[in-house]
Amino acid sequence: MIYEIRHNKKYGFVDALGRIVILPTYDKVGDFSEGLVGVFKEFVPRTNSESQPAHFWYINSKGETSIRNPKFDWGEPFSEGVAYVRCKESGKWGFINLDGKIIIEPKYEDSYSSGFSDGLANVRENEKHGYINKVGEVIIPFIYDWGYRFNDGYAIVKKGSQKFFIDKKGNKLKTEKCTIVDTINGGFKEGLAVVKAKKKYGLIDLHGDFAIPPKYDDLGGYHDGVCSFEIDGKWGFMDKTEQIFIEPKFKGVGYFQDGVAPATLNGKKWGLIDLAGQFIKEPEFDEIWDFSKRMTHELSKSNKWRLARCSNDRQEYYINSKCEIVCEIEAKLEKQKLKNELLKSALSENVIKEKNVWVKAKWSYDGFTITKKGAIKPIYFILKWLKSKDLLTNEGIDCYKDKNNLDIGLYRFMVKPEAAFFLDRFYNLWYDLEDIASFELDPELKFNGNENLDEYWEYFTKNK
């Protein structure tokens, strides 16, 4: 699991120990989902809340480019192996799979889709919402003013002033007389959904019957078998049998995850409580957010957290389940300090997978984003540096001499063992930290000096 951070108005990611794993070099990032996240460079918001065309692609948890198509300038998180993306030229939206292949052509007008859940996704056509399957067939017609994700086989839809549940065939769920409540859970969760009747809150089951009668002032819905409830302005917790195991005494609470939940006694300072309702540490934060409120799709799916987001004195942090600060979200590290930490981390990594090819250096010409001349320059740049250090094999020297080979890559057989060991650990880091990726969109691809490769090599030779 990795978590978003900021540095000098750029975005990157840290792991659960607060170590930077993807450098903050992006202008905007999405949420990690199914191993990928959408990232932007040269992102400029418009005044009408849309955005100007940006350089957009998907990266994996190592920061490596996974999907890049110059036709797309926006993409939502993946869900069930599919992501909602926007065509730069037409402004229409469609769906791609994890290989980047278009599975549903961009033809939808709206930027909002809840993504696929239970095999269906809501999209908008002619200002109405309906649901399609993964081959683009309309399963539920475009007759709703709004639609939400399916959970437990049902989705909340809105038609006029009414909100109700429908199943995957579009049939309306008959329920007790009540008002459907929009919660973080998005309707049903763990077989129950929060509803309101006669100014009180209860829960209905998948048959539409009351499982818990409407008698509470508010309900948070079930999460990991636990539900928060409010009575007379105080919050407590109960289990699936409605057995209260934490008496209502808190001014505010969040969801339990991994045995801890955010809570506040006075509404001023927040901390984490355990399943006995006791604070792990004295409350000290101005606010603690549930990851269910600002969580990645992967965390939402697993219902697990390792870090929670919090704030204190206008500074945001990540904390662990022991209520200990792991790192600042607005990283105040200088670039050299970032570099030093990452160099140390790269060299101390216990398990490094040997690569047959360093794929970021394997450029291809697609006739759109880069020129043929530009496509091969990054290869020859690093080959030239390796040659200057006498780190190329005879095959590598032959490749360096073949300057007309547009399919050239940087392969293991081209470098000596020490260089391969070095590249396994430092190539991706060097590529990102020195912002070599930005050269991809520059057909001139002008490099200055050795782009600090000497510094990386010096650190490696001194500390290996």
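As a basis for the values below, the full set of heavy atoms in this structure was taken, side chains included, without hydrogen atoms, waters or symmetry mates.
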For the residue pair [X] and [Y], what are the closest heavy atoms and their distance?
X	Y	result
Pro262	Tyr255	CD-O, 3.6 Å
Cys327	Val14	SG-CG2, 4.0 Å
Arg314	Asp286	N-OD2, 4.5 Å
Leu192	Ala211	CD2-CB, 3.5 Å
Lys355	Asn428	CE-ND2, 4.1 Å
Pro106	Cys87	CB-CB, 4.0 Å

[X] to [Y] six-membered ring, cation-pi geometry met (6.0 Å, 45°):
X	Y	result
Lys134	Phe95	no
Lys41	Tyr26	yes
Lys240	Tyr222	yes
Lys172	Phe164	yes

Report yes if the distance between the aromatic ring centroids of [X] and [Y] is under 6.0 Å, otherwise no.
X	Y	value
Tyr216	Tyr201	no
Tyr112	Trp146	yes
Phe56	Phe72	no
Tyr131	Phe150	yes
Phe13	Phe32	yes
Tyr144	His129	no
Phe285	Trp270	no

Side-chain contact test, heavy atoms from C-beta onward, threshold under 4.5 Å: evaluate it for [X] versus [Y] and give yes or no.
X	Y	result
Ile204	Phe165	yes
Ile132	Tyr108	yes
Ile280	Val260	yes
Tyr11	Asp27	no
Leu203	Leu219	yes
Ile288	Leu272	yes
Phe78	Asn97	no
Val82	Ile103	yes

Is a side-chain donor or acceptor of [X] paired with a backbone partner of [Y] at a separation under 3.5 angstrom?
X	Y	answer
Thr264	Lys269	yes
Asn151	Tyr154	no
Glu190	Gly225	yes
Asn312	Glu284	yes
Asp313	Gln315	no
Asp99	Lys101	no
Asn60	Gly35	no
Trp430	Glu451	yes
Glu34	Glu80	yes
Asp152	Gly191	yes

- Task: Give the intermediate values and the outcome of ring pair (Phe, Tyr, Trp, His ring centres under 6.0 Å) for residues Trp74 and Phe40.
- Result: CA-CA 8 Å; Trp74 196 285; Phe40 300 80; 4.8 Å; yes

Which distance, rounded to the nearest 0.5 Å, do you find between the [atom1] of [X] and the [atom2] of [Y]?
X	Y	atom1	atom2	result
Ile20	Ile2	CD1	CD1	12.0 Å
Ser113	Arg149	OG	CZ	9.0 Å
Lys28	Glu4	NZ	CD	8.5 Å
Leu120	Ile166	CG	CD1	9.0 Å

- Please assess Phe210 against Val195 for the test side chain to side chain contact (heavy atoms under 4.5 Å, CB included), listing each intermediate value before the final yes or no. CA-CA 9 Å; Phe210 279 119; Val195 295; 3.7 Å; yes

- Can Trp235 and Phe250 be said to form a ring pair (Phe, Tyr, Trp, His ring centres under 6.0 Å), step by step? CA-CA 5 Å; Trp235 286 86; Phe250 299 101; over 10 Å; no

Distance-only donor-acceptor check, side chains [X] and [Y], under 3.5 Å:
X	Y	value
Asn133	Glu137	yes
Asp239	Gln243	no
Ser114	Asn122	yes
Ser33	Asp31	no
Asp224	Gln257	no

- Please say whether more than 12 non-hydrogen atoms of neighbouring residues, nucleotides or ligands are located less than 6.0 Å from NZ in Lys158.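 Open: at most 12 neighbouring heavy atoms sit under 6.0 Å from NZ of Lys158.
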
- More than 12 foreign heavy atoms under 6.0 Å from CD of Gln162: is that the case here?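 Counting neighbours around CD of Gln162, 12 or fewer heavy atoms of other residues, nucleotides or ligands fall under 6.0 Å, so no.
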
- Task: With Arg309 as reference, evaluate Glu328, Glu330, Glu316 under the salt bridge (Lys or Arg N to Asp or Glu O under 4.0 Å) test and give the passing residue.
- Result: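 Testing each of Glu328, Glu330, Glu316 against Arg309, the sole residue satisfying salt bridge (Lys or Arg N to Asp or Glu O under 4.0 Å) is Glu316.
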
- Query: Name the one of Arg86, Lys92, Arg124 that satisfies salt bridge (Lys or Arg N to Asp or Glu O under 4.0 Å) with Glu109?
  - Reply: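 Option passing the salt bridge (Lys or Arg N to Asp or Glu O under 4.0 Å) with Glu109: Arg124.
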
- Item | Under the side chain to side chain donor-acceptor pair (under 3.5 Å) test, residues paired with Asp218 that sit two or more places apart |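 Here no residue qualifies.
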
- Query: In chain order, what residues pass the side chain to side chain donor-acceptor pair (under 3.5 Å) check against Asp118, with sequence neighbours excluded?
  - Reply: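 Not a single residue meets the side chain to side chain donor-acceptor pair (under 3.5 Å) criterion with Asp118.
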
- Query: How are the rings of Phe237 and Phe256 set relative to one another: parallel (under 30°), tilted (30 to 60°) or perpendicular (over 60°)?
  - Reply: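 The rings of Phe237 and Phe256 stand perpendicular, inter-plane angle above 60°.
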
- Message: Is the ring pair Phe426/Tyr456 parallel, tilted or perpendicular, if the boundaries are 30 and 60 degrees?
- Response: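 If you compare the ring of Phe426 with that of Tyr456, the planes turn out perpendicular.
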
- Partners meeting side-chain contact (heavy atoms from CB on, under 4.5 Å) with Asp209 (sequence neighbours left out):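 With sequence neighbours excluded, Asp209 shows a side-chain contact (heavy atoms from CB on, under 4.5 Å) to Glu176, Asp205, His207, given in chain and number order.
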
- Residues Gln278, Asp274; criterion side-chain hydrogen bond (donor to acceptor under 3.5 Å, both in side chains); working and verdict: CA-CA 6 Å; Gln278 301 299 314; Asp274 58 23; over 6 Å; no

- Query: Does a salt bridge link Glu125 with Lys128, judged by any charged N lying under 4.0 Å from a carboxylate O?
  - Reply: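 No.
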
